[in-house]
Amino acid sequence: MEEYFDIPVNLNDDLDRKIADAFSIFDHHGQKTVDVREVGSILRFLGLVPTEQEVSETIAETEFAGDSSGTVHLSKFLPYVKNLIIERRMEPVAIEKLLEAFQVLDYEGKGFVTRDFMAKIMMEEGEPFSLEELEEMFSCAVDSSNVRIPYEYYLNQLIIDI
Amino acid sequence: MLRSCICIKKERRDSQNSSTSSCRSSEIERNAAAISNLDDDRDNRSFMKFLSSTLCFRIVRTPRRGMSMTKVERVIKATLLIQRWYRRYMARIEMKRRYTWTIFQNIEYSAEQDQVRLYNFFNDLLMHMPEAAKQVKDLDEVSTSSAEESLDDDFVDETDDSDDAMDDQKTYRGPHLNLPLEKQDLDMLINLFRKRKYSLHAKYVALILREAAKKLRRLDNINRASTEIKGSKTVTVVGDLHGKLDDLLVILYKNGLPSHTNCYVFNGDFVDRGKKSLEVLLILLSCFIIFPGCVMLNRGNHEDSVMNHRYGFTREVHQKYRHNADRLLKLIDQVYRHLPLGTLINNKIFVVHGGISENTDLNLIASVRRSKYISILRPPTQPNDDASDFKTEWKQVIDILWSDPIMNDPICPTPNKRGAGECFGPETTNKFLQRHNLTTLVRSHECKSDGYEIVHNGNVITVFSASNYYEIGSNKGAYIKFGANSDRYFVQFTAAASKTKKLTFRQQVDNVEKSAIRELKEKLREQKLNLQKQFKMRDVENTGHLSLSQWSEAMESVTNYKLPWRLLREKLAVMNENNEILYENTLQLIEIDDDIKIGANDSNKITDTMYTNRENLEAIFRMMDLDSNGLISIDEFKQACEMLSAYLPNYDVDQMLENCRMMDINKDSLVDLNEFLEAFRLSQQSANHTSVIRNSKLIETTVKVDENSIENAKNNSADNAHDENIKGGDAQVDEYEISEMKEVTSGGRMRKSPSIRSVVSVESLGQTVGNNNETKNDKLQNDDGVAIEDIISKVDDK
């Protein structure tokens, strides 16, 4: 078992501290490390919208080399992510784009998509959802008919928090 | 939340622009990326909009390169967009859930730390004042011997045991108990506690406590259990219950009553925080009595009167048994001191409540005379013992009940953030396991959101059995079943499943967050003066605002909580256009709360603190009052305060002294006990002064420090359902969600079976617990498929 000595991390400005704070939430043992599986969540909380592939890239760039324990240390994470933010990569899209995306799926322009259709497409195409993600989305997206997802209404509800 | 995409697994380092990846998804990604760049161009966007509205993709093609997209490609792109966005949305919620957890944990541990510090102060005082120490020791012996006597006595004076208006024994309509206790008594108790129609007569409570203490006294310090010999097939380890009766009942329902083939180890912390601590304790003790050899109890750090004073159990006993509380609490102390300290399963798995430290030596622990530790925090005063030996032994006991595991080994022994015990890393665990030829350490003590957690390369398992511990929706509970051949069976459960089922994940998280912020605000209110000081200190030019960093620094220095203050900023402060925080606003914001009950909480808290500290303070006073005339000089008081401030950095000692001077009405520089206590109360209250004058639900806090008012305060708090130290999650429970996962060692390899989920309704608990028998347990073990269906069909039948 390797012993990790405390690698110093310099926090120079507010952006550094913001990244460090988000990181610290997943750092359960106060040693400035997180599990690789949390990297996606941290990026997303910082306002980035990476694809799964981009998350993997980030992990690859920041993971401890030659380490099979799957940890990422803040000393590598911080500069890499700071760069991502400064370069404005993985930026979020405007909500109108999302509406457009739903409208694309709504071939017939009915104003809603069916639950089955969404389930099929979300779990088979792009970077597929897991069953849990799907169920979670449906828990508030599907209306009382239990078959329809009135997407405009759904998006309006969710805007509040984004 | 791991997702799987084939191209990610196979070719991780391929960037988006690489053409070597042959995965369909990444191909689409590349196309989508190329197209999305064009999308930013306004002309294209409106054109695309036009395209999408006409639905005539195939027909409309422009000569511009990259513009032609098949319908399928558009769909894929839209899908990717939605997925990407959705994952970000969920990550924000997950983040919220995490920092909410951190808030709760910080508050909990810091409170424990205060408690321990106060006791360290007390202990040090004892060390420095041998005459006082002798006084305390004498008191101890008196209470010990009288308690020991009462263990063997019958309850002679029955009129004393009446409760409330029931002066005449004949009007008691609840059930009766007689020794020897049997299984039908257990069924009766479970039904009684669930339905709450009557409460059990105090003398029967005493009966159970006494009988249990008698039997516990005969046990060794370390219990032994086995899955191999004597026909015993499984041993189930249950973690912290903290007064959550429904969680205990669901475990007994799901896992069956104890028997020789279905042994139980209850790993401490049965009481405090939950509202039914007494019921939980009584059921556990009854099981222990009724099923000898099948139920093992380990002492936890909350099986300690010092902790019970602060965390609600003492108050609960006073509320439920107004006239008999003191006697019952003495008997409970007897139970505590005789509880074993740990359990060994198959001589390979060590089960203990907290953990270990570098020095933990099982042989030493096995040889300790555990009954001398009435409270773990206060070591027994034995002037004859060699001081260092005595301290070593005491530390061994404290460490196993208070320590926590950490991820990496610290360079030198690290004190625990709770104030007692240590933090132990994987190396320490390895050495310990090797030293005693063990394979695993199973412990509890820490709340885990999944109910259990495995760390230190699989050598340490934490199991926690109180679901919804911080708030409804905060965490699952779990228990572990050990079978032959190191089989392990993990079962997780959640109470109030029907309540949370109707809420989306986001709503659940929001609720828990609200609760956490509320508690945080309460803690901030306590420190209001200090907070103001810290803000002003940093605002050198007196502009009224601070930078985000300065504000965060101030918040952290006041509370000592390691929280992500920057992320919490929006709940606690307002920022102007220049990204500056108007800190005056924070001071106002912490006063505002949606929960109207806060007013009631305040009065509880003051009396709580008084009640908690009163005994400590009285003891301290008596120690300072060397000539025992009930008076101490201001100078002595000042000295004591200064000592105290070293232990409780958050206590405003100057304010305390000022109050004391004010209190000395007769100006003779002498302070009597009441003035002494009043000084402490006022210093607390001045910090709370403004917060008490808030909304219309103000409750006047005119607590005078004398015997009567303490009694009144106890009665008032009885009327208040909501209580600071009694945590949520005890709402009307009707459904439980259970999910099970099995880890089987076959051919030396661990295999995990997929989770099986089921729902149990609580209505069925009462009858079925009584009907559980051994055959059912066998089914569960041998043939999972059949057994689970059995249980589910049982639920459907009800």
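Predicted, not measured: the structure shown is a model, and the values here were computed from it.
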Report yes if the side chains of Leu84(A) and Leu48(A) come closer than 4.5 Å at any heavy-atom pair, otherwise no.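 Yes, close enough: below the 4.5 Å cut-off.
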Using a 4.5 angstrom heavy-atom cutoff, name the option from Asp404(B), Leu563(B), Leu548(B), Ile82(B) with the most pairs to chain A.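 Heavy-atom pair counts peak at Ile82(B).
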Portion of Tyr86(B) that has a non-hydrogen atom of chain A nearer than 4.5 angstrom: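 Only the side chain of Tyr86(B) comes within 4.5 Å of chain A.
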Checking Trp101(B) against chain A: side chain, backbone, both or neither under 4.5 Å from a heavy atom?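 Neither the backbone nor the side chain of Trp101(B) comes within 4.5 Å of chain A.
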Region of Ala22(A) that comes under 4.5 Å of a non-hydrogen atom in chain B: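 It is both, since atoms from each part get that close.
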Which atoms of Leu43(A) approach chain B - backbone, side chain, both or neither, heavy atom under 4.5 Å: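 Contact with chain B involves no heavy atom of Leu43(A) at all.
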Return yes if some donor-acceptor pair links the side-chain N/O of Thr62(A) with the main-chain N/O of Phe77(A) below 3.5 Å, else return no.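 No.
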Go through the structure and list residues passing side chain to side chain contact (heavy atoms under 4.5 Å, CB included) with Arg17(A), not counting sequence neighbours.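 Arg17(A): side chain to side chain contact (heavy atoms under 4.5 Å, CB included) contacts with Leu11(A), Asp14(A), Ser549(B), Arg566(B).
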Looking only at the side chains, is there a donor atom on one of Asn459(B) and Asn430(B) sitting less than 3.5 Å from an acceptor on the other?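 Yes, Asn430(B) and Asn459(B) have a side-chain donor paired with an acceptor closer than 3.5 Å.
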Which residues pass the salt bridge (Lys or Arg N to Asp or Glu O under 4.0 Å) test with Asp13(A), not counting sequence neighbours?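 Result, salt bridge (Lys or Arg N to Asp or Glu O under 4.0 Å) vs Asp13(A): Lys82(A).
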